[in-house]
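No experiment lies behind these values; they were computed from the predicted model shown.
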Amino acid sequence: MKIILTHEVSGLGAAGDVVDVKDGYARNYLVPRGFAIRWTKGGEKDVAQIRRARKIHEIATIEQANEIKSKLEAVKVRLAVRSGDAGRLFGSVTPADIASAIKAAGGPDVDKRRVELGSPIKTLGGHQVSVRLHPEVAAKLGVEVVAA
């Protein structure tokens, strides 16, 4: 099935790309979550509009991405969350939580969709998080999760 991506999807493409995926993947995952819309002949206008919006929000050059990467890696991110006695969290830390913690720590404004967690953060302690700034540049930063 041909679809038009409305958001960046890891391993598939960026917003505005027209890709061909399995029917079930599109119908059950991408379209219901708003990551994609079905491709139609009239959808070319949508593709152009999505690409224009992407250019506005996109980091244009590798040099600019490296500059933001150095700022991100210099920031100490600390999240205070509720936890139980054994160090397990009530729930988990989301990419939105990390993006807001970066902003609160004095770092650059980061879109929550660019924050990649290897696995869900459900314990106290230090964790590694990747922030995709550009297709060729990703910043690795440490996040310390402490009890509130």
Donor-acceptor pair, [X] side chain versus [Y] backbone, under 3.5 Å?
| X | Y | answer |
| --- | --- | --- |
| Thr6 | Gly34 | yes |
| Asn28 | Tyr25 | no |
| Asp20 | Met1 | yes |

In Å and rounded to the nearest 0.5 Å, what is the OG to CG distance from Ser92 to Asp97? 8.0 Å
Nearest 0.5 Å, please: how far is CG in Leu133 from CD in Gln64? 10.0 Å
With Glu116 via side-chain hydrogen bond (donor to acceptor under 3.5 Å, both in side chains) - residues at least two apart: Ser10, Arg132
Between Val9 and Leu30, does a side chain to side chain contact (heavy atoms under 4.5 Å, CB included) hold up when you go through it step by step? CA-CA 9 Å; Val9 178; Leu30 294 173; 4.2 Å; yes
Parallel, tilted or perpendicular, as decided by the 30° and 60° cut-offs, for the rings of Phe35 and Tyr29: tilted
I want to check something: taking the side chain as every heavy atom from C-beta on, are [X] and [Y] in contact at a cut-off of under 4.5 Å?
| X | Y | result |
| --- | --- | --- |
| Val146 | Leu79 | no |
| Lys122 | His127 | no |
| Thr123 | Leu89 | no |
| Leu72 | Val75 | no |

Partner residues of Glu144 under the salt bridge (Lys or Arg N to Asp or Glu O under 4.0 Å) criterion, sequence neighbours left out: none
Return the set of residues passing side chain to side chain contact (heavy atoms under 4.5 Å, CB included) with Val129 (not counting sequence neighbours), or none when no residue passes. Ile98, Val115, Leu117, Ile121, Val143
